[in-house]
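Here the structure comes first, spelled out in structure tokens, and everything after it is commentary.
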Amino acid sequence: MQYHQGHLFFLRRIPFFIVLTLVLQSCYTEEETLPPFFAQGYDSHVELRWEDLNAERYCIWVRQEGATNFVERGVTLDTIYLDFVNDLGTNLNLEYKIAGYKAGDTIFTEPGRVQTKEHSEEELLDMVQYYTFRYFWEGAEPNSGMARERYHVDGFYPHYDKHIITTGGTGFGIAAFPAAVDRGWITRSQLFSRTEKMVTFLEKADRFHGIWPHWLDGETGKVKPFSKGDDGGDLVESAFLIQGMLILREYFKEGNPDEKDLAKRIDDLWRSMEWDWYTKDGEAVLYWHWSPAVEWKMDFPLKGYNECLITYILAASSPTHAIDPAAYHQGWARNGAIKTNTNTYGFDLNLRHNDTEQYGGPLFWSHYSFIGLNPKGLKDAYVDYWSHNTNHTLINRQWCIENPRGYKGYGENLWGLTSSYSIQGYAAHHPENDQGVITPTAALSSMPYTPEESMMVLVNMYRNYGNKVFGKFGFYDAFSIEENWFPQKYLAIDQGPILTMIENHRSGKPWELFMGAPEIKAGLEKLGFDYPDSSSSSSK
């Protein structure tokens with residue numbers, strides 16, 4: 001991993017964390033000074049970072065307070081190392097040094113001290129959010145500034161498509177960027193620069209009647225086919241993207257002249273999206289895909305209930321290419337057939353989850369549309385969305401507590417089934433397709449609905465499994481205690497909801513900005529929604 005300034009901005013924040021700068025001594029000449037070494041103590045781990053010394057490998061050594069000798073903690077080829085120190089105790093005083101090995105030479109750093117400190121729940125939330133934010137900030141594709149589709153560590157070397165970016169995953173992450181300014185992770189000017197880079201890229205990137213594809217090449221802006229035939233516009237992923245972009249528009253629209261101009265450019269992108277085209281010649285339903293090569297061959301009408309609610313809200317809200325409300329009621333709601341009356345574990349589900357009616361679908365169905373759309377107080381002719389999403393989460397949790405298939409680790413402090421990596425590849429995990437795989441985004445992105453229950457999962461995963469499931473961009477995508485399967489992989493579409501839904505739980509800022517957009521209010525009213533006032537969007 002190449003070192004850059006973005007790796008160090010974390011040193012300026014969170015005063016209760018103890019940050020240590022160690023000046024390294026050269027093993028070659030007295031005049032040569034090696035780059036600095038940084039250590040930061042958290043609750044159960046210490047993060048170490050250093051500049052690339054062109055070594056073949058690095059070895060991390062630690063000495064506890066009162067001990068005589070250093071002991072080896074691990075080896076890496078990266079220039080960042082997370083040392084989980086649960087085996088050493090809590091509230092520790094530690095000394096670290098790093099040895100770089102190259103061509104028979106060894107470069108030792110001078111020992112430096114750092115402390116760990118048991119965190120409150122609020123401090124743990126801050127830490128998890130911040131680490132996850134780094135996926136979208138430090139880990140972004142450099143030319144576009146947008147989120148890489150995935151990032152695989154898995155051993156010493158990262159293995160991922162470095163320049164393939166995801167439109168929807170980007171939208172999930174950037175929705176929390178204004179809150180990142182509030183929390184001191186970045187400055188407003190840094191956010192402006194990154195947003196301008198993304199907007200400039202999106203203005204030139206491939207679009208199909210104003211709609212972006214699922215994947216783009218971050219260097220060229222050309223479509224990267226998601227699958228055979230899926231090489232054109234992806235209406236749902238574009239909805240997720242513009243949901244986040246509208247949050248940034250709302251943030252900048254009353255700013256200085258440059259910020260107002262940037263907000264106008266986002267508005268131009270929004271106005272150019274031809275939602276009505278994706279009704280396929282005026283049918284009363286939206287279609288997911290259109291391609292100039294295969295046209296409507298994918299043939300995927302958006303019928304509820306699943307993750308696509310936000311697509312209809314935005315399509316009805318468009319100031320230039322709005323759909324008729326009939327598409328929502330006849331297509332999405334299937335002339336009322338979307339409604340059901342199911343009770344599982346004592347919790348009502350009043351929307352028919354496609355093919356998973358009894359238990360509800362993967363938990364991301366209660367996350368993706370609600371990155372900006374505030375479900376608290378949101379009601380239409382079919383359901384109260386706050387109650388629905390809360391019950392969906394509690395049913396998923398209770399399935400894992402009941403654990404009818406006897407998977408190791410499941411319980412009240414380890415639950416959460418949703419789509420993610422699995423042992424056999426990507427899979428849609430839910431109670432009726434439970435493969436023993438826990439996906440951290442499931443419980444963590446449900447924080448607004450089940451704050452106490454989700455917090456139990458966060459604490460358990462971090463303190464008891466952290467060395468296996470937590471890395472430089474937060475919790476890895478999925479794991480299975482049953483199969484002793486702990487891959488070091490990240491997916492943007494799973495990381496983004498963790499970051500933003502935790503922020504919605506804590507401050508409600510993404511909800512407040514999105515629900516404050518005048519077009520969204522008009523669109524909701526057109527479809528017959530009652531909705532929360534944008535000035536009271538926090539879930540607390």
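If you read the sequence from its start, that first residue is 1, and numbering goes on from there. Model, not experiment: these values are computed from the prediction.
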- Item | Pair Glu203 + Arg265: basic N to acidic O under 4.0 Å | yes
- Item | Test: Lys472 and Asp78 ion pair at under 4.0 Å | yes
- Which value, rounded to the nearest 0.5 Å, describes the distance between His163 atom NE2 and Thr220 atom OG1? 10.0 Å
- Consider only side-chain N and O atoms of Asp234 and Trp288, and report whether a donor and an acceptor are under 3.5 Å apart. yes
- Message: Does the Lys NZ or Arg CZ of Arg134 fall within the cation-pi geometry relative to Tyr131 - under 6.0 Å from the ring centre and within 45° of the axis?
- Response: yes
- Please determine, by modelled atom types, if Glu503 and Thr500 share a side-chain donor-acceptor pair under 3.5 angstrom. no
- Message: Does Lys526, at its NZ atom, have more than 12 non-hydrogen atoms belonging to other residues, nucleotides or ligands within less than 6.0 Å?
- Response: yes
- Item | From Asn389 atom CG to Thr450 atom OG1, the distance as rounded to the nearest 0.5 Å | 10.5 Å
- Query: Any chance the side chains of Asp494 and Ser420 put a donor and an acceptor closer than 3.5 Å?
  - Reply: no
- When rounded to the nearest 0.5 angstrom, what distance separates CD in Glu512 from CG in Asn504? 10.5 Å
- How long is the gap from OG on Ser387 to CG on Asn350, to the nearest 0.5 Å? 8.5 Å
- Task: Using atom types as modelled and distance alone, determine if a side-chain donor or acceptor of Tyr490 lies under 3.5 Å from a backbone N or O of Gly474.
- Result: yes
- Query: Parallel, tilted or perpendicular: which describes the rings of Tyr135 and Tyr151, with under 30° parallel and over 60° perpendicular?
  - Reply: perpendicular
- Item | Any side-chain heavy-atom pair of Tyr385 and Phe529 under 4.5 Å | yes
- Measure the OG1-CE distance between Thr393 and Met447 for me, rounded to the nearest 0.5 Å. 11.5 Å
- Query: Can you tell me if Ser238 uses its side chain to pair, donor with acceptor, with the backbone of Trp212 under 3.5 Å?
  - Reply: yes
- Message: Give me each pair satisfying side chain to side chain donor-acceptor pair (under 3.5 Å) with a member in residues 293-306, each pair once, sequence neighbours excluded.
- Response: none
- Message: Would you say NZ of Lys264 has more than 12 non-hydrogen atoms from neighbouring residues, nucleotides or ligands within 6.0 angstrom?
- Response: no
- Ring centres under 6.0 angstrom apart (Phe470, Tyr476): no
- Checking Arg188 against Tyr251: charged group under 6.0 Å from the ring centre and within 45 degrees of the axis? yes
- Message: Regarding Glu519 and Arg249, does a basic nitrogen lie under 4.0 Å from an acidic carboxylate oxygen?
- Response: yes
- Would you say the ring centroid of Phe370 lies under 6.0 angstrom from that of Tyr449? no
- Item | Side-chain donor or acceptor of Gln129 paired with backbone N/O of Leu499 under 3.5 Å | yes
- Item | Phe364 and Tyr368 aromatic ring geometry - parallel, tilted or perpendicular at 30°/60° bounds | tilted
- Message: With a 6.0 Å cut-off on the ring centroids, do Tyr287 and Tyr278 count as close?
- Response: no
- Do you see a donor-acceptor pair shorter than 3.5 Å between the side chains of Tyr345 and Glu402? no
- Flag for Asp348-Asn343: side-chain donor and acceptor within less than 3.5 Å: yes
- Do Ser446 and Arg397 get their side chains close enough for a donor-acceptor pair, meaning under 3.5 Å? no
- Query: Under 3.5 Å, is there a donor-acceptor pair between the side chain of Thr439 and the main chain of Ala442?
  - Reply: no
- Query: Cut-off 3.5 Å, side chains only: do His430 and Thr418 have a donor facing an acceptor?
  - Reply: no
- Message: Quick one: does any side-chain atom of Ser318 pair with a main-chain N or O of Ala315 as donor and acceptor, under 3.5 Å?
- Response: no
- Item | Check: Trp185 ring centre within less than 6.0 Å of Tyr130 ring centre | yes
- Item | Tyr421 ring center within less than 6.0 Å of His152 ring center | yes
- State the CE-CH2 distance between Met245 and Trp270, to the nearest 0.5 angstrom. 14.0 Å
- Item | Lys/Arg N to Asp/Glu carboxylate O, Lys222 vs Asp217, below 4.0 Å | no
- Describe, in one word, how the ring planes of Tyr359 and Trp399 are oriented to each other, choosing from parallel (under 30°), tilted (30 to 60°) and perpendicular (over 60°). perpendicular
- For Trp365, what residues pass the ring-ring contact (aromatic ring centres under 6.0 Å, His included) criterion, not counting sequence neighbours? His353
- Task: Output yes when a side-chain donor or acceptor of Asn391 lies under 3.5 Å from a complementary backbone atom of Leu349, and no otherwise.
- Result: no
- Message: Could you tell me if the side chain of Phe473 sits less than 4.5 Å from the side chain of Thr132, heavy atoms only?
- Response: no
Less than 3.5 Å apart, which donor and acceptor atoms pair up between the side chains of residues 167-180 and the rest of the protein, not counting sequence neighbours?
unit_1: Thr167; atom_1: OG1; unit_2: Pro213; atom_2: O; d: 2.9
unit_1: Thr167; atom_1: OG1; unit_2: His214; atom_2: O; d: 3.1
unit_1: Thr170; atom_1: OG1; unit_2: Ala147; atom_2: N; d: 3.0
unit_1: Thr170; atom_1: OG1; unit_2: Thr166; atom_2: O; d: 2.6

- Do you see a donor-acceptor pair shorter than 3.5 Å between the side chains of Ser366 and His392? yes
- N/O donor-acceptor pair under 3.5 Å between Asp324 side chain and Ala327 backbone: no
- Message: Is there a side-chain contact (heavy atoms from CB on, under 4.5 Å) between Leu378 and Asn374? Walk through the geometry before answering.
- Response: CA-CA 7 Å; Leu378 186 71; Asn374 185 1; over 6 Å; no
- Query: Any side-chain donor paired with an acceptor under 3.5 Å for Glu274 and His321?
  - Reply: no
- Task: Please say which of Lys339, His388, His329 ends up in a side chain to side chain donor-acceptor pair (under 3.5 Å) with Tyr382.
- Result: His329
- Task: May I ask you to decide if Glu307's main-chain N or O and Ser369's side chain share a donor-acceptor pair within less than 3.5 Å?
- Result: yes
